[in-house]
A.B. asks: 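My questions will all concern the structure given below.
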Amino acid sequence: MTQNFWNKKKVLITGHTGFKGSWLYFILKILGANVYGVSLKPAKKSLFNNLNIFRKNKSFYCNITEYKKLNKITKKINPQIIFHFAAQSLVGKSFSHFDETYKTNIIGTLNILRIIKENKNIKTCLITTTDKVYENLEKKKKMYLEYENLKGNNPYSGSKVAKEHLIFSFVKSFLKKKNIVVVRSGNVVGGGDWNNSRLIPDMVSSFQKRKKFIVRNLNHTRPWQHIYDVLEVYMKIIIKIHRKKSFFDHFNVAFHNKNQKPVREIIRIFKKDNLFKNIKISKIKIKQYKEDKFLNISNSKIKKFVNIKSKFNKIDDCIINVINWYKVYLLDMKSIQDYSKKEIIFFLKNKY
């Protein structure tokens, strides 16, 4: 990756207090970018607080559904590049908070698009949706391609499908002289994810509380991929399109097929570690909503656009890296910022 590209670039990240946003903010700061963030205030237990590097005058707190506030903040920052991560991103929560889910994911995105339209300095924007936008046929070997049907079967995925249609129509109508890209990623894992109802955060939290780990679906498969790999691909896409006069496309972001493993395999790797070996598992059935059993996306299109080779040789290496981050956090929390910085520098320069 051309790391010099980021030096002094003015970048805005929406959702910078979230898992992806915090890591990207951290990485871009290391690369010399002039990074700003706008989002809701972080939870007390969050990667944003763990890393503790965010300058107050570059962090703005605002609900992205509030256009006037968001527009005022963006005008003050006057960025060249936007990463739009802000979203309600949990399937389970979308059933109990469906109104928040639709408003944040649709109206929030509309507000970002309006701001891009009205601000000449904003040239490039990467917007995340999800691999769950596809009409899931529940076929184990099915690999979803970018041109296939988009149909959400729950409030979360439905809001993301609507978001995609909104982006397409708005870009075609108003943003023909901008560079806009939509990315659909599979399940992302990494240190510092404290979101509820996610496999690894729930496992670590159960360990901390000395409670049984409640798992919903041991045999469900996902295209697990490391946060470092995914963010590096996002940055490579921006580098490639930023100098164009006009660009719009959407890409699946997924790595080699070896990462498509069932939940039980991720738990197995965790339990091989001495610290986590005594985690007790309790399986329950969740009746509130149905989760996709199989979900795999094709990377054939993105591979022709940028180099997406994972720096982790296999899923075990990826998960062990995640385990090591949480071990440092649990055993020596004060050193987590230095540890994370060394990890990022090593990742950018090397292969695990």
A.B. asks: Quick check, are the ring centers of W23 and Y228 under 6.0 angstrom apart?
C.D. replies: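 Yes, they do, as the ring centres are separated by less than 6.0 Å.
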
A.B. asks: For I73 versus V38, what's the shortest heavy-atom pair and its separation?
C.D. replies: CD1-CG2, 4.2 Å

A.B. asks: Below 6.0 angstrom between ring centroids: does that apply to H242 and F5?
C.D. replies: yes

A.B. asks: Nearest heavy-atom pair of K261 and W224: which atoms, and what distance?
C.D. replies: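 For K261 and W224, the tightest heavy-atom pair comes out as O-NE1, 2.8 Å.
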
A.B. asks: Decide ring-ring contact (aromatic ring centres under 6.0 Å, His included) for F168 and F174; before the verdict, give the C-alpha distance in whole Å, the side-chain angles of both, and the deciding distance to 0.1 Å.
C.D. replies: CA-CA 10 Å; F168 180 85; F174 305 113; over 10 Å; no

A.B. asks: Can you tell me if K117 has over 12 outside heavy atoms packed within less than 6.0 Å of its NZ?
C.D. replies: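 Counting neighbours around NZ of K117, 12 or fewer heavy atoms of other residues, nucleotides or ligands fall under 6.0 Å, so no.
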
A.B. asks: Just wondering, more than 12 heavy atoms not from K45 lying within 6.0 Å of its NZ?
C.D. replies: yes

A.B. asks: Are the aromatic ring centres of Y25 and F19 under 6.0 angstrom apart?
C.D. replies: no

A.B. asks: Could you see if L150 belongs to whatever hydrophobic cluster contains L137? Use Ile, Leu, Val, Met, Phe, Trp, Tyr and a side-chain cutoff under 4.5 Å.
C.D. replies: yes

A.B. asks: Answer yes when E66 and K72 have at least one side-chain N-carboxylate O distance shorter than 4.0 Å, and no when they do not.
C.D. replies: no

A.B. asks: Using ring centroids (six-membered ring only for Trp), state whether H16 and F85 fall under 6.0 Å.
C.D. replies: no

A.B. asks: Closest approach of S159 and N105, non-hydrogen atoms and distance?
C.D. replies: OG-ND2, 2.8 Å

A.B. asks: To the nearest 0.5 Å, tell me how far T104 OG1 sits from D99 CG.
C.D. replies: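 One finds 9.0 Å between OG1 of T104 and CG of D99.
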
A.B. asks: Taking atom types as modelled, find out whether S310 and D229 have a side-chain donor-acceptor pair closer than 3.5 angstrom.
C.D. replies: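 Looking only at side-chain atoms, D229 and S310 do form a donor-acceptor pair, the distance falling under 3.5 Å.
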
A.B. asks: Would you kindly say whether T17 and S39 are connected by a side-chain donor-acceptor distance under 3.5 Å?
C.D. replies: yes

A.B. asks: Do the side chains of S205 and F213 get nearer than 4.5 Å, heavy atoms only?
C.D. replies: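 No, too far: nothing below the 4.5 Å cut-off.
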
A.B. asks: Considering only heavy atoms from C-beta outward, does the side chain of Y102 approach that of P155 to under 4.5 Å?
C.D. replies: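 The answer is yes; the side chains approach within 4.5 Å.
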
A.B. asks: In Å and rounded to the nearest 0.5 Å, what is the CD1 to SG distance from I323 to C318?
C.D. replies: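 Atom-to-atom, I323:CD1 and C318:SG are 10.0 Å apart.
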
A.B. asks: Between N119 and N121, does any side-chain donor sit less than 3.5 Å from a side-chain acceptor?
C.D. replies: no

A.B. asks: For salt bridge (charged side-chain N to carboxylate O under 4.0 Å, His left out), just list the numbers for K311 and D317, CA-CA rounded to whole Å, side-chain angles, deciding distance to a tenth of an Å, and then say yes or no.
C.D. replies: CA-CA 9 Å; K311 289 188 180 179; D317 298 330; over 6 Å; no

A.B. asks: With a sphere of 6.0 Å drawn around NZ of K271, does it hold more than 12 non-hydrogen atoms of other residues, nucleotides or ligands?
C.D. replies: yes

A.B. asks: Determine whether L24 and F255 fall in the same hydrophobic cluster, where Ile, Leu, Val, Met, Phe, Trp and Tyr are linked whenever their side-chain heavy atoms lie under 4.5 Å apart.
C.D. replies: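 Shared cluster, yes.
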
A.B. asks: Just checking, any donor-acceptor pair under 3.5 angstrom between side chains of N154 and S157?
C.D. replies: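 S157 and N154 do have a side-chain donor-acceptor pair below 3.5 Å.
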
A.B. asks: Between F83 and Y234, is the ring centroid distance below 6.0 Å?
C.D. replies: no

A.B. asks: Taking N111 for the side chain and T65 for the main chain, is one N or O donor matched with an acceptor at less than 3.5 Å?
C.D. replies: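 Side chain of N111 to backbone of T65: a pair is present.
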
A.B. asks: Got a sec: does the NZ of K240 have more than 12 other heavy atoms crowding it under 6.0 Å?
C.D. replies: yes

A.B. asks: What is the ring orientation for Y144 with Y134, classed by angle as parallel under 30°, tilted 30 to 60°, or perpendicular over 60°?
C.D. replies: parallel

A.B. asks: Going by the side chain to side chain donor-acceptor pair (under 3.5 Å) test, which pairs reach into residues 160-170, not counting sequence neighbours?
C.D. replies: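 The answer is T129-E164, E164-R184.
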
A.B. asks: Decide if the gap between the ring center of W194 and the ring center of Y326 is smaller than 6.0 angstrom.
C.D. replies: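 Yes, the ring centres sit under 6.0 Å apart.
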
A.B. asks: Using modelled atom types and a 3.5 Å cut-off, is there a donor and acceptor pairing between side-chain atoms of N34 and backbone atoms of K9?
C.D. replies: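 It does not hold such a pair.
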
A.B. asks: With distance as the sole criterion, is a donor-acceptor pair present between the side chains of T74 and N71 under 3.5 Å?
C.D. replies: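 The criterion, which ignores hydrogens and geometry beyond distance, is not satisfied for N71 and T74.
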
A.B. asks: What pair of heavy atoms forms the shortest contact from E118 to Y67, and how long is it?
C.D. replies: OE1-OH, 2.6 Å

A.B. asks: So, using salt bridge (Lys or Arg N to Asp or Glu O under 4.0 Å) as the criterion, who are the partners of D249 when residues are at least two apart?
C.D. replies: K301

A.B. asks: Going by the rule salt bridge (Lys or Arg N to Asp or Glu O under 4.0 Å), which residues pair with R268 if we only count those two or more places apart in sequence or in a different chain?
C.D. replies: E265, D316

